[in-house]
Number of protein chains: 4
Amino acid sequence: MLNRVILIGRLTRDPELRYTPAGVAVTQFTLAVDRPFSSNQGQREADFIPVVTWRQLAETCANYLRKGRLAAVEGRIQVRNYDNNEGRKVYVTEVIADNVRFLESANSANREEGMSSGAMNQGGGNSGGGNRGGGYGGGRDNQDPFQDDGKPIDISDDDLPF
Amino acid sequence: MLNRVILIGRLTRDPELRYTPAGVAVTQFTLAVDRPFSSNQGQREADFIPVVTWRQLAETCANYLRKGRLAAVEGRIQVRNYDNNEGRKVYVTEVIADNVRFLESANSANREEGMSSGAMNQGGGNSGGGNRGGGYGGGRDNQDPFQDDGKPIDISDDDLPF
Amino acid sequence: MLNRVILIGRLTRDPELRYTPAGVAVTQFTLAVDRPFSSNQGQREADFIPVVTWRQLAETCANYLRKGRLAAVEGRIQVRNYDNNEGRKVYVTEVIADNVRFLESANSANREEGMSSGAMNQGGGNSGGGNRGGGYGGGRDNQDPFQDDGKPIDISDDDLPF
Amino acid sequence: MLNRVILIGRLTRDPELRYTPAGVAVTQFTLAVDRPFSSNQGQREADFIPVVTWRQLAETCANYLRKGRLAAVEGRIQVRNYDNNEGRKVYVTEVIADNVRFLESANSANREEGMSSGAMNQGGGNSGGGNRGGGYGGGRDNQDPFQDDGKPIDISDDDLPF
DNA sequence: TTTT
DNA sequence: TTTT
């Protein structure tokens, strides 16, 4: 009824773009997502989570993503199964992504890029940076609730949220 | 680096509560989550997503959840693997929950409840001990990744995820 | 009953660290999050979303984040209100974060840093990169379900998920 | 760059359906979402979070949701602002929903339903037209950011978020 | 193997 | 202004 996943991690290899018989693009890659704690042997571990994208998003991912790059993925968990050649049912769990954000462009990623060819529109999107809103301009007097408002956030200890 | 899942679905069976050798509670159940679209054969399908909870949350889930009940789960995707008895690596993907909401109470769920009687905190559920497999019958040989697989989930205390 | 927010955006200014009378650290900053569509005037717009962190996380954010940096925030929406000096009730909506990921370290951010002073432990965390798992090494024969499996993903058009 | 919210809570009143001048449906309601902890006075508190839906989803929400019902909402945080009649900038934060799940149907909700009768698609709800304010009485002077504020939500078609 |  |  509701199935939502958000991941941030790094690609374990270059994405693989294929096409269905009817010509629909599908791209698969695996994200390595560090676990938020260490194992009992004191090592940092990661989950390796397979991601699938379709159509236009598939082609964009194939063009912009490369092994080692950081990406954010939004999607849903899908479980499919098939019978392997020993006749066993094999379950495959994947994240079907409907939104992928490239958190590192070719130039900000300082690793070997192989055949990566630089991709189009690198860095496109999150060019922005700081205060581009204008909305926050100068001569305001207290009209911005995200600031201290004179009323200095009311932080008594009673407001502790946890 | 970031790994967040939110699911709403129904339990495919009663949850299974077990204990690690060191006495830590673990509960597993599977959520059936309807897909937001129909298959090309026009049928509504669902993903069956295994969920694992630990400690206090495990005991609460074992006490309050039952087959068919609607629940919301927050957690993270975890992928573990083991070598099966043919020497193949088998991958198991589960949602490790850190928050579970019971969206139907015993009385709002209008179905047969068997021995469950709807009561909260009914003394520990099917609380572990001997052969907890029950529902999964005996003669399986490793075809179910959501289960103990012979390799009985490897729950030593070292696997505690938090 | 459930309240979860995940944002990725850039800080509109340096974070502000304060302390409650009892000495608890609180850091506030605003994230500019680009909207996924353009306005009818064809401009890219952003939402400016106030974020609050407490305690240890507050101090880490104050140390590592700077104006213009990209960050991921996990938390919950909180709405508080106060009476302003005209006696009106003013509503303030903030994201109370319990997890913040620094998606750009001081050196990967190629913008002016002003007084930023470089912060400790820059780049910490997401150092990782590509295939550190080992698990994916070379001589596998089909044991990796995230790959093509021989069974080439079964992508008939019937599998289109949307 | 990424902006995702998931809420589960109860409607504080019946949803309000209106139409833009160009005939696009918009429904607003407020979700009461219990906080996961108690205040320092030991009381359970809630956040009251305004939600906006558009088009078909707006009509469905108006038809199926009622005060007190449990619902799950997926969407994104949007912050808009306007100048009130004292010339102050007022900020309004809302969740623009793209997915709403009704977690209680008319019959599972065991409360008085007034004229609602639980039927699906009961012909448009309180469907816009004249003075839809009703519940909010007349003589308010702008103290409610979740409402029309005199500035009647500015819903020209240009504001369509998708 | 599966829930409504 | 507020829901169970």
Side-chain angles (χ1 to χ4, degrees), chain A residues 1-3 79 81 83 88-89 91, chain B residues 7-16 28-35 43-51 65-71 73 101-105 107-112 133-140 142-147, chain C residues 1-3 79 81 83 88-89 91, chain D residues 7-16 28-35 43-51 65-71 73 101-105 107-112 133-147 149:
Chain A
M1 250 186 124
L2 188 150
N3 181 339
V79 182
N81 64 74
D83 297 304
R88 287 191 190 295
K89 216 170 225 27
Y91 289 84
Chain B
L7 304 174
I8 299 180
R10 290 183 185 278
L11 276 84
T12 62
R13 21 179 102 242
D14 285 357
E16 291 187 47
Q28 294 187 293
F29 55 89
T30 295
L31 272 193
V33 182
D34 293 325
R35 293 190 181 162
Q43 304 169 245
R44 230 64 215 317
E45 294 180 331
D47 291 291
F48 296 94
I49 302 174
V51 176
L65 287 176
R66 285 295 170 273
K67 175 178 175 177
R69 297 272 180 80
L70 192 66
V73 162
R101 294 291 157 184
F102 310 141
L103 300 177
E104 271 177 2
S105 54
N107 39 352
S108 78
N110 50 352
R111 59 201 97 262
E112 94 316 337
Y136 286 91
R140 288 164 313 96
N142 234 5
Q143 7 191 18
D144 177 5
F146 309 163
Q147 270 319 101
Chain C
M1 249 186 124
L2 188 149
N3 181 338
V79 182
N81 63 74
D83 297 302
R88 288 190 190 292
K89 217 172 230 14
Y91 289 84
Chain D
L7 304 173
I8 299 180
R10 291 183 185 277
L11 276 83
T12 62
R13 20 179 103 242
D14 286 357
E16 291 187 47
Q28 295 187 293
F29 55 88
T30 295
L31 272 193
V33 183
D34 293 326
R35 294 191 180 162
Q43 305 169 243
R44 232 65 214 318
E45 294 180 333
D47 290 290
F48 297 94
I49 302 174
V51 176
L65 288 176
R66 285 295 171 275
K67 175 176 173 177
R69 298 269 181 81
L70 193 66
V73 163
R101 295 291 156 184
F102 310 141
L103 301 176
E104 270 177 4
S105 53
N107 40 350
S108 79
N110 50 352
R111 59 201 97 259
E112 97 312 339
Y136 285 89
R140 289 163 312 98
D141 49 5
N142 233 3
Q143 10 192 15
D144 178 5
F146 309 165
Q147 269 320 99
D149 323 306

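Throughout, a chain's letter reflects where its sequence line sits, starting with A, and its residues are numbered from 1.
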Minimum-distance nucleotide to B:Thr30 side chain [options: E:dT3, F:dT3, E:dT2]: E:dT2
Per D:Thr12 side chain, nearest of listed nucleotides E:dT2, F:dT3, E:dT3: F:dT3
Side-chain-base donor-acceptor pair under 3.5 Å for B:Arg13 and E:dT1: yes
Protein-nucleotide distance (D:Gln43, atom CD; F:dT3, atom P), rounded to Å: 15 Å
Length of the CG-C1' vector between B:Asp14 and E:dT3, whole Å: 12 Å
Salt-bridge criterion met for A:Asp83 and A:Lys89 (N-O under 4.0 Å): yes
Length of the line joining B:Phe29:CZ and E:dT3:P, which is rounded to integer Å: 16 Å
Donor-acceptor contact present, side-chain B:Arg10 to main-chain B:Gly68, <3.5 Å: yes
Length of the line joining B:Leu65:CG and E:dT3:P, which is rounded to integer Å: 16 Å
CG-CE distance between A:Asn3 and A:Met1, expressed to the nearest 0.5 angstrom: 12.5 Å
Residue list, salt bridge (Lys or Arg N to Asp or Glu O under 4.0 Å) with D:Asp47, at least two apart or on another chain: C:Arg76, D:Arg35
Value in whole Å for how far the C1' atom of E:dT3 lies from CZ of B:Arg66: 15 Å
Proximity to the side chain of B:Arg10 - top-ranked nucleotide from E:dT4, F:dT4, F:dT2: E:dT4
Gap between atoms CE and P, on A:Met1 and E:dT3 respectively (whole Å): 17 Å
pi-stack flag for B:Phe48 and E:dT1, centroid dist under 5.5 Å, interplanar under 30°: no
Distance, rounded to the nearest Å, where D:Glu45 contributes CD and F:dT2 contributes C1': 13 Å
Among E:dT3, E:dT1, F:dT3, the one nearest D:Ala46 by side-chain distance: F:dT3
Spacing between B:Asp47 atom CG and E:dT1 atom P, to the nearest angstrom: 15 Å
Atom of D:Asp14, atom of D:Arg66 and distance for their closest heavy-atom approach: OD1-CD, 3.4 Å
